Trainee: 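First the structure, then my questions, so here it is.
The structure presented is a predicted model; accordingly, all values stated were derived computationally and were not measured. Naming convention: chains lettered A, B, ... in sequence-line order (proteins, then strands); numbering from 1 in each chain.
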Amino acid sequence: MRNKLYPSYFTWGTLVFYSVFFILPSLMGFYYSFTDWNSYSDEIAFIGLDNFKVLFSADEHYVGFIANTVNFTISTVILKTVLGLAFALALNEGIRMKGFHRVMLFMPSIVPMLVVGLMFKSILNPATGLLNESLRFIGLGALAQKWLVDVNWAFKSIIAVDTWKGVGYIMIILLAGLQSISRTYYEAAAIDGASAWHKLKYITVPLLMPALVVTTVLNMLHGLKVFEVVYVLTNGGPGYATDVLYTAIFKEFSMGRYGVGTALSSLLFLFMTVVGYFIIRLMAREGAHEQ
Amino acid sequence: MKRKVLQRALRNGFAWVLSIVMFVPLLLILVNSFKDRVGANAMSMSLPKTLHWSNYTTVIEEGKLVQSFVNSLFYTTASTVLGIALASIAAYIFARNATKLNRFLYFFIIMGIAMPINFVTLTKVMQATQLINTQLGIIVLLAVMSIPFSVFLIYGFVGSVPRELDEAGIMDGCAPFRLFCSIILPLLTPVVVTVGILNFMGAWNDFILPLYYLNDTAKWPMTLAVYNFFGRFQVNWNLVSADIVLTTLPVIVIYLLGQRYIISGMTSGSVKG
């Protein structure tokens, strides 16, 4: 009866599109990782683990790209969560024009990353950029840096730009979580003489945990897939200092070294699918609970 | 009492500071898009002495923006419609007919929220399907990329549509496909609007797919055109700024009109959990 009412062939189109353009490339990736596929010759030969040997050899920079990606992910997860939570706590009550501030704080997350990158290329320009100009204007010229050019600052600047773009989004998720916490908990704690720190530690954070888990997951998935912000701001430079996985893959692709690019991509796929499996299982289960 | 007033003022002040920090970069671009070349060189917040609207006409001609705008609009609209059609019907069947297989397939699709795409081997698939460097190819890819999250959002919503309606429809002699189109789909409007706006913005903002799969400049969307324009006119920040404004304006307008849907859509699935 159900199959007649809700025939499964209705889903076939979706499944075919999704499998062909989303899943198939990743599966093919495992095969091509073991080949010398490139743009210079039409023949593709099986070369075993050579591509992976290249990736992990000490003469190459690929391990550094993986480290950068991990560094970027961990840094942005921590920054966005801590700042987002701090902002959400500060703005939780007693704010006038709430709607206006909400629209403003959310704005960066809807602007194209490419545009954000271009904007900050101007703002972080060492000579004429708004940031250094402002620092000089308020007499802190000594703090001015060559943000995107200096090896010590380039990656930190990229992390900061990404945080600027994403923190408002995280804050609004956490704010919604905060507002669902009943005030009675805080009142009861106040009667017991709890300090602000204790309230945060024993009431707010535990009750906010589901929302915090979700924001961490979102930030992590975003961080591992980072591409545009790096591509636009530094394109991996200076040298290879700021290259991440996806910019490295794009460079391999541009140079026609498809085998190595695929191997790199497959590593990312393997890692994210394993991590994703647990996260998505949780999401699927929670969705089912609601019904 | 006094302390409370002070705290309130501090909180509100902080809210304003945050809002300004988020807005200044956008304002900076807007202000400089009206300056002449020399004035924009410094990229400062000072207001332009006269409004140089000519920047916009120059950009539209030099950057071939009319073409790119039409392209972007086409890709975005077509992929949003295709994506919603594919996602809604699958989500509907998965939610209504929760067999073991369907539950697995639902999970299989929403795994795409976490899985990264292998852009290198996707080239092979695009070549085999003859979609590489075609407009249809970009539309299909944009639609497919939107499927996992759309299915996730719509699936959650289908559960809230009472099954009795389906039964009533069947009593009246609806075939399964008509049941979906004329009874279920209209009831899914709220979630479809949310998903539609999110996918529209996602497709408009996308940069990576055309970067990989469109070589032909005549087929470029706004994002790729603006990036290319930046490469050619780096020294003319007034023009680059005008170009950025034109690229960003449509998303900002949609955002301001549909902010309720957008904010709830982007935060749903997270707050509920």
Side-chain angles (χ1 to χ4, degrees), chain A residues 2 5-7 10-11 13-14 17-18 21-22 24-26 28-29 32 87 90-91 94-96 101 103-108 110-112 114-115 118-119 122-123 128 130 168 172-173 176-177 210 214 221 225 227-228 253 258 261-262 265 268-269 272-273 276 279-280 284 286-287 290-291, chain B residues 8 11-12 14-15 18-19 22-23 25 28-29 41-44 86 89-90 93 96-97 105 107 109-122 124-125 140-141 144 147 155-156 159 166 170 176 201 205 207-208 223 227 230 237 244 247-248 251 255 259 263 266-267 270-271 273:
Chain A
R2 280 215 166 168
L5 251 182
Y6 312 111
F10 278 10
T11 64
T14 313
F17 271 103
Y18 175 72
F21 293 101
F22 208 120
L24 183 65
S26 299
M28 284 162 64
Y32 285 108
F87 296 167
L91 306 185
I95 299 295
R96 280 156 192 265
H101 288 303
V103 167
M104 283 309 197
L105 290 171
F106 204 77
M107 187 99 76
I110 57 111
V111 174
L114 172 82
V115 163
L118 293 179
M119 277 175 355
S122 149
I123 292 171
T128 59
L130 185 66
I172 282 173
I173 295 179
V214 171
L221 295 177
K225 292 182 196 172
F227 172 74
E228 280 165 61
F253 177 82
Y258 302 137
T262 302
S265 216
L268 183 66
F269 176 80
M272 289 188 74
T273 307
I279 296 165
I280 302 291
E286 268 167 14
E290 276 165 49
Q291 290 170 37
Chain B
R8 226 193 160 96
R11 277 173 192 271
N12 276 290
F14 183 63
L18 275 185
S19 284
M22 295 301 172
F23 192 61
L28 178 74
I29 296 293
N41 254 348
M43 273 312 257
S44 67
L86 290 172
I89 191 137
I93 299 290
R96 279 296 199 245
N97 189 4
L105 290 173
F107 180 73
I109 286 187
I110 66 168
M111 264 304 282
I113 297 173
M115 288 191 296
I117 294 150
N118 190 328
F119 292 105
V120 187
T121 39
L122 184 54
K124 272 242 180 263
V125 175
V140 167
L141 287 184
V144 169
I147 286 177
Y155 180 91
D166 304 18
I170 294 298
M201 293 202 314
N205 291 355
F207 173 69
I208 195 163
T223 43
Y227 187 69
F230 172 75
W237 265 99
I244 292 178
T247 309
T248 320
V251 230
Y255 169 63
Q259 47 114 348
I263 297 180
M266 284 176 74
T267 50
S270 44
V271 190

Trainee: Could you tell me which of A/Val103, A/Val111, A/Leu268 has the largest number of non-hydrogen atom pairs under 4.5 Å with chain B?
Mentor: A/Val103
Trainee: What's the shortest heavy-atom distance between A/Met272 and B/Ala114, and which atoms?
Mentor: CE-O, 3.2 Å
Trainee: Heavy-atom distance under 4.5 Å to chain A: side chain of B/Phe207, backbone, both or neither?
Mentor: both
Trainee: Are side-chain heavy atoms of A/His101 and A/Leu91 found at a separation under 4.5 Å?
Mentor: no
Trainee: Quick one: does A/Leu5's side chain get under 4.5 Å of B/Arg96's, heavy atoms only?
Mentor: no
Trainee: With only heavy atoms counted, which part of A/Ile95 is less than 4.5 Å from chain B, the side chain, the backbone, both or neither?
Mentor: both
Trainee: Give, as side chain, backbone, both or neither, the part of A/Ile110 having an atom under 4.5 angstrom from any heavy atom of chain B.
Mentor: both
Trainee: Quick check on the interface: out of B/Gln259, B/Met22, B/Arg8, who has the most heavy-atom pairs with chain A under 4.5 Å?
Mentor: B/Met22
Trainee: For A/Thr273 and B/Met115, indicate whether the former's side chain and the latter's backbone hold a donor-acceptor pair under 3.5 Å.
Mentor: no
Trainee: Where does B/Ile117 contact chain A at under 4.5 Å (heavy atoms): side chain, backbone, both or neither?
Mentor: both
Trainee: Taking all non-hydrogen atoms of both residues into account, name the closest pair between A/Thr11 and B/Ala90 and its distance.
Mentor: CG2-CA, 3.8 Å
Trainee: If I measure from the heavy atoms of chain A, does B/Leu122 come under 4.5 Å with its side chain, its backbone, both, or neither?
Mentor: both
Trainee: Below 4.5 Å from any heavy atom of chain B, which atoms of A/Pro108 appear? Answer side chain, backbone, both or neither.
Mentor: side chain
Trainee: Find the one option among B/Tyr227, B/Phe14, B/Phe23 whose heavy-atom pairs under 4.5 Å with chain A are most numerous.
Mentor: B/Tyr227
Trainee: Which bit of B/Met201 comes within less than 4.5 Å of chain A, counting heavy atoms only: side chain, backbone, both or neither?
Mentor: side chain
Trainee: For A/Phe106, is it the side chain, the backbone, both, or neither that has a heavy atom closer than 4.5 Å to a heavy atom of chain B?
Mentor: both
Trainee: Select, from B/Thr248, B/Leu18, B/Val251, B/Ile29, the one with the greatest count of heavy-atom pairs under 4.5 Å involving chain A.
Mentor: B/Leu18
Trainee: Given a strict heavy-atom distance threshold of 4.5 Å, which part of B/Ile110 is in contact with chain A: side chain, backbone, both, or neither?
Mentor: both
Trainee: Give the C-alpha distance, both sets of side-chain angles, the deciding distance and a yes or no for ring-ring contact (aromatic ring centres under 6.0 Å, His included) between A/Phe253 and B/Phe119.
Mentor: CA-CA 9 Å; A/Phe253 177 82; B/Phe119 292 105; 8.8 Å; no
Trainee: Please look at A/Leu24 and chain B and tell me whether the side chain, the backbone, both or neither of the residue comes under 4.5 angstrom of a heavy atom of that chain.
Mentor: side chain
Trainee: Who among A/Ser26, A/Ala90, A/Pro112, A/Ser265 has the most heavy-atom pairs with chain B under 4.5 Å?
Mentor: A/Pro112
Trainee: Short question: side chain of A/Tyr32, backbone of B/Val120 - any donor-acceptor pair under 3.5 Å?
Mentor: no
Trainee: If only atom types and distance count, is the side chain of A/Tyr18 paired as donor or acceptor with the main-chain N or O of B/Ile109 below 3.5 Å?
Mentor: yes
Trainee: Can you name the nearest heavy-atom pair linking B/Ile93 to A/Pro7, along with the distance?
Mentor: CD1-O, 3.5 Å
Trainee: Against chain B, label A/Phe227 side chain, backbone, both or neither, depending on which of its atoms sit under 4.5 Å from a heavy atom there.
Mentor: side chain
Trainee: If I compare all heavy atoms of A/Tyr6 with all of B/Asn97, which pair ends up nearest, and what's the gap?
Mentor: O-ND2, 3.4 Å
